[in-house]
Amino acid sequence: MCKIHAAITGVGGYVPNYRLTNEELSTIVETSDEWITKRIGIKERRILKPEEGRGISYLAVKAIEDLQSRRPFNPLEVEAVIFATTTPDYGLPSSAALTAAQTGMTNAFCFDMEAACSGFIYALDIADGFVSSGKYKKVMVIAGDILSSVTDYEDRNTCPIFADGCGCVLVEATTEEVGLMDSILRSDGSTPEHLHMYGGGSVYPASHETVEQRMHYIWQDGRIVFKRAVSSMVDACEELLKRNNLSKENVDWIVPHQANLRIIDAVAYHLNVPREKVMINIEKYGNTSAGTIPLCLWEWENRLHKGDNLILTAFGAGFTWGAVYLKWGYN
Ligand code: UT7
């Protein structure tokens, strides 16, 4: 019997209309276009303004409509919707359920999952488990965040980086030798103090005090996170390449999480992969957390060929990190 693989058969994406430039940000906190460009590599980021819409499901519905326009599919055939996000519309119900209801995926079971910036690769691996087991044939993976809703615009360590955006991929069963080939996913929750948003959970439910203490915003120790991001992504990628007998020549694309251009460059340097093989769009979209990798696939879709070897890699709060080896499924 042929092995069932889980292949991406369509990509959609959406970023909000409003462009928050480095120049505008420099009027809000003490920073400059020069500093942000040099130290982070971002020129502008998209922000969802209430005039346009509200909530991550607003972006997700747009992303699904975009996927539908590029690669029409019957939403009634989708059996599961997995939504990777740290900024769901509400505590409950799930943004997956809300999005499915608005896009006709009414036969699917739906749930949100949170792995911060590693959310997309985690969700893709879960989808692969569902599909390659033979139990399900069509799974929608959505990943994105409205980081502007949890960003402290008085904190220059975080506000230049974070942005809003959402991508999605349709994952389908195939017996061809394409799709998700292997993955390495890891987490380490022993040092939450380096990257966190403590307010609003069951330890610190929302109160006047948590709001006053700015606990509903993401806080990070940038230098520590930077170092852990580089070493963790490099280690995961090297292990994945080795156990799949892949050399840098066999890799067509590295698709890294877009948190800082210097992190991306350091990962490419350690893997000895030239920049031409690395998907980078951080300069215009910033760090959309779970959204960055699907938004890269979305932008590069028409440059990808069936059988291309892609290595997806991410690092985020948790800490969570990992790498996924994917053979692209279509031209
Ligand atoms: O996706 C979620 C995971 N997050 C990440 O992957 C983020 C990882 N970390 C980073 O990207 C970087 O550490 C930051 C972008 C957050 C900070 O860049 P850095 O090069 O590590 O700066 P630093 O914290 O070492 O600060 C260097 C200097 C400091 O000034 P002094 O002490 O040398 O005088 C900061 O006060 O740069 C200053 N600085 C800024 N200056 C202008 C820090 N942020 C800014 C700013 N504008 N926005």
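Just so it is clear, the model here is predicted, and its values are computed rather than measured. Just follow the structure's listing: the first ligand is 1, and inside any ligand the first atom is 1.
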Ring center gap for Phe130 and Phe109 short of 6.0 angstrom: yes
Which atoms of ligand 1 sit under 4.0 Å from any heavy atom of [X]?
| X | answer |
| --- | --- |
| Cys117 | 1 (O), 2 (C) |
| Pro160 | 48 (N) |
| Arg262 | 18 (O), 19 (P), 20 (O) |
| Arg39 | 20 (O) |

Any N or O of Gly222 closer than 3.5 Å to N or O of ligand 1: yes
Backbone or side-chain N or O of Arg223 under 3.5 Å from ligand 1 N or O: yes
How does [X] reach ligand 1, if at all, at less than 4.0 Å between non-hydrogen atoms: by side chain, backbone, both, or neither?
| X | result |
| --- | --- |
| Ala229 | neither |
| Val29 | neither |
| Asn260 | side chain |

Can a protein heavy atom be found under 4.0 Å away from [atom]?
| atom | value |
| --- | --- |
| atom 9 (N) of ligand 1 | yes |
| atom 6 (O) of ligand 1 | yes |
| atom 48 (N) of ligand 1 | yes |

Arg228 to Trp321, cation-pi by 6.0 Å centre distance and 45° axis angle: yes
Neighbour count above 12 (heavy atom, 6.0 Å) for Arg54 CZ: no
Residue Arg223 excluded, over 12 heavy atoms near CZ under 6.0 Å: no
Asp145-Thr288 side chain donor-acceptor pair, cut-off 3.5 Å: no
Hydrophobic cluster of Met140, others only, ordered by chain and residue number, side-chain cut-off 4.5 Å: Tyr14, Leu48, Ile56, Tyr58, Leu59, Ile64, Leu67, Phe73, Val78, Val81, Phe83, Met105, Ile142, Ile146, Leu170
Single hit among Leu147, Leu25, Ile28, Leu20 for side chain to side chain contact (heavy atoms under 4.5 Å, CB included) with Cys159: Leu25
Asn287, Thr292, Leu195 screened by side chain to side chain contact (heavy atoms under 4.5 Å, CB included) with Cys117, the one that passes: Asn287
Exam field: side chain Asn309 to backbone Tyr325, donor-acceptor pair closer than 3.5 Å: no
Among Asn287, Thr31, Asp155, closest by any non-hydrogen atom to atom 46 (C) of ligand 1: Thr31
